[in-house]
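Please read the structure below before turning to the comments.
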Amino acid sequence: MSAALADCAQEHSLRLYVVVQPGCFVHPAAPVLWFEGDADETVQSQLLDAFTLGDMRSFDQDPRFGLSVLSEIASRALSPAVNDPGTAIDILGRGVRLLSAWVDHCEPQPDEVRYPQVWLVTLALDDLFDDLFGPIARDGAARIDVQLRLLKSLQALAAQDERFVAPARRLAHEARSLADQLMPLAVDRERLGAEVERLEAGQDVLRRQL
């Protein structure tokens, strides 16, 4: 969030509601900000100047973009023309390391809110999981090696932090549903189902420990 936005809100006694995140697609009919209070055209112009619009997404302030790019690399590797599941498996490992680091650096909610006049849309873990793991689950649904590594990645994340449990479980069930439709061998589908059940069992252990 631009400090100029918060300063403008404080100076003019405004309540600001930022309804987009960095990297979101916007168009002339899509609002990026709502406000409560009196703001003339000059103040409104100052508020809009706090936003940067561009044709391309950027890694600097848009963490979802980085995860989407990694997922796109994996999807291309899984295409029939490339047929490189090893790259997709490597991307899954990188994704686990990235999300593990996110937990380590995620600061707790401070007791004192620094900018009480400004409300922001929070970054949702479900979106991060969808950006990274969703396309790999879809494009690798027929491959047991990719699906097993995907589930092991979800298991690893769910074991690290309680916040990962719900999105990991959801992605695991989605991956299993896709594999049930596209994976040719029944024995592979059974192996996949066992890994999903193992993920569920791990969650039960975590709940008992908390």
Side-chain angles (χ1 to χ4, degrees), residues 21-23 59 61-79 82-109 122-210:
Q21 293 180 339
F59 294 110
Q61 298 184 17
D62 184 5
R64 293 185 61 185
F65 182 44
L67 295 180
S68 295
V69 169
L70 285 175
S71 186
E72 288 175 2
I73 295 172
S75 290
R76 290 191 181 97
L78 290 170
S79 67
V82 179
N83 192 23
D84 178 19
T87 293
I89 290 172
D90 180 70
I91 292 295
L92 288 169
R94 293 173 187 269
V96 171
R97 292 195 293 273
L98 284 171
L99 291 174
S100 299
W102 180 85
V103 168
D104 293 337
H105 293 87
C106 186
E107 298 180 357
Q109 181 71 24
T122 59
L123 186 64
L125 269 178
D126 277 307
D127 291 335
L128 299 180
F129 271 66
D130 286 338
D131 291 336
L132 179 61
F133 298 118
I136 300 175
R138 178 197 65 214
D139 296 328
R143 298 196 58 103
I144 185 60
D145 50 353
V146 174
Q147 289 296 313
L148 286 177
R149 183 57 63 91
L150 170 63
L151 288 176
K152 290 182 183 299
S153 299
L154 296 174
Q155 290 170 1
L157 290 170
Q160 291 183 48
D161 194 278
E162 184 186 17
R163 289 169 291 185
F164 287 147
V165 171
R169 179 177 61 182
R170 178 177 60 83
L171 258 298
H173 285 288
E174 291 178 6
R176 183 180 184 180
S177 296
L178 289 167
D180 285 343
Q181 299 179 45
L182 298 174
M183 195 169 288
L185 297 180
V187 63
D188 287 341
R189 296 194 296 272
E190 292 174 0
R191 292 178 63 190
L192 202 64
E195 290 298 329
V196 174
E197 293 173 1
R198 187 171 301 170
L199 175 58
E200 294 283 358
Q203 292 170 16
D204 291 338
V205 171
L206 179 61
R207 293 191 189 98
R208 289 196 294 269
Q209 291 174 343
L210 293 175

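Reckoned from all heavy atoms, side chains included, excluding hydrogens, waters and symmetry mates. Quantities reported herein were computed from a predicted structural model and do not represent experimental measurements. Position 1 is the first residue of the sequence; numbering continues from there.
- Proximity of F133 to L92: side-chain heavy atoms (C-beta onward) are separated by under 4.5 Å at one or more points.
- No donor-acceptor pair closer than 3.5 Å links the side chain of S71 to the backbone N or O of L67.
- L150 contributes atom CG, which lies 9.0 Å from atom CG of L132 (distance to the nearest 0.5 angstrom).
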S79 vs D139, side chain to side chain contact (heavy atoms under 4.5 Å, CB included): CA-CA, chis, key distance, verdict: CA-CA 8 Å; S79 67; D139 296 328; over 6 Å; no
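- Separating the CZ atom in R189 from the CD atom in Q147 is a distance of 12.5 Å, to the nearest 0.5 Å.
- Going from atom CH2 of W102 over to atom CG of D161 covers 7.5 Å, rounded to the nearest 0.5 Å.
- With hydrogens and angles ignored, the 3.5 Å screen pairs a side-chain donor or acceptor of Q21 with a backbone N or O of T122.
- Across A168 and A158, no two heavy atoms sit closer than the pair CB-CB, 4.1 Å.
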I would like to know whether R143 and N83 meet side chain to side chain contact (heavy atoms under 4.5 Å, CB included); could you show each step before the answer? CA-CA 11 Å; R143 298 196 58 103; N83 192 23; 3.5 Å; yes
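- The nearest pair of heavy atoms linking A141 to L182 is CB-CD1, 3.7 Å.
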Kindly indicate, with the supporting measurements, whether the criterion side chain to side chain contact (heavy atoms under 4.5 Å, CB included) is fulfilled by Q160 and L99. CA-CA 10 Å; Q160 291 183 48; L99 291 174; over 6 Å; no
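- Minimum interatomic distance between D130 and P135 (heavy atoms only, all atoms of both residues): O-CD, 3.2 Å.
- The CE atom of M183 lies 5.0 Å from the CG atom of L192; values are rounded to the nearest 0.5 Å.
- Contact check on D145 versus R149 returns no salt bridge, with no Lys/Arg side-chain nitrogen under 4.0 Å from an Asp/Glu carboxylate oxygen.
- Across L151 and E195, no two heavy atoms sit closer than the pair CD1-CB, 3.6 Å.
- Between atom CG of residue L154 and atom CZ of residue F129 there is a gap of 6.5 Å, rounded to the nearest 0.5 Å.
- Side chains of I144 and L185 form no contact here, defined as non-hydrogen atoms less than 4.5 Å apart.
- Shortest non-hydrogen contact noted between A142 and P184 is O-CD, 3.9 Å.
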Kindly indicate, with the supporting measurements, whether the criterion side chain to side chain contact (heavy atoms under 4.5 Å, CB included) is fulfilled by F65 and D131. CA-CA 8 Å; F65 182 44; D131 291 336; over 6 Å; no
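- Taking CZ of R76 as the start and OG1 of T87 as the end, the distance is 12.5 Å to the nearest 0.5 Å.
- The nearest pair of heavy atoms linking L199 to A172 is CD2-CB, 3.4 Å.
- Under a 4.0 Å N-O distance rule, the pair R170/E174 qualifies as a salt bridge.
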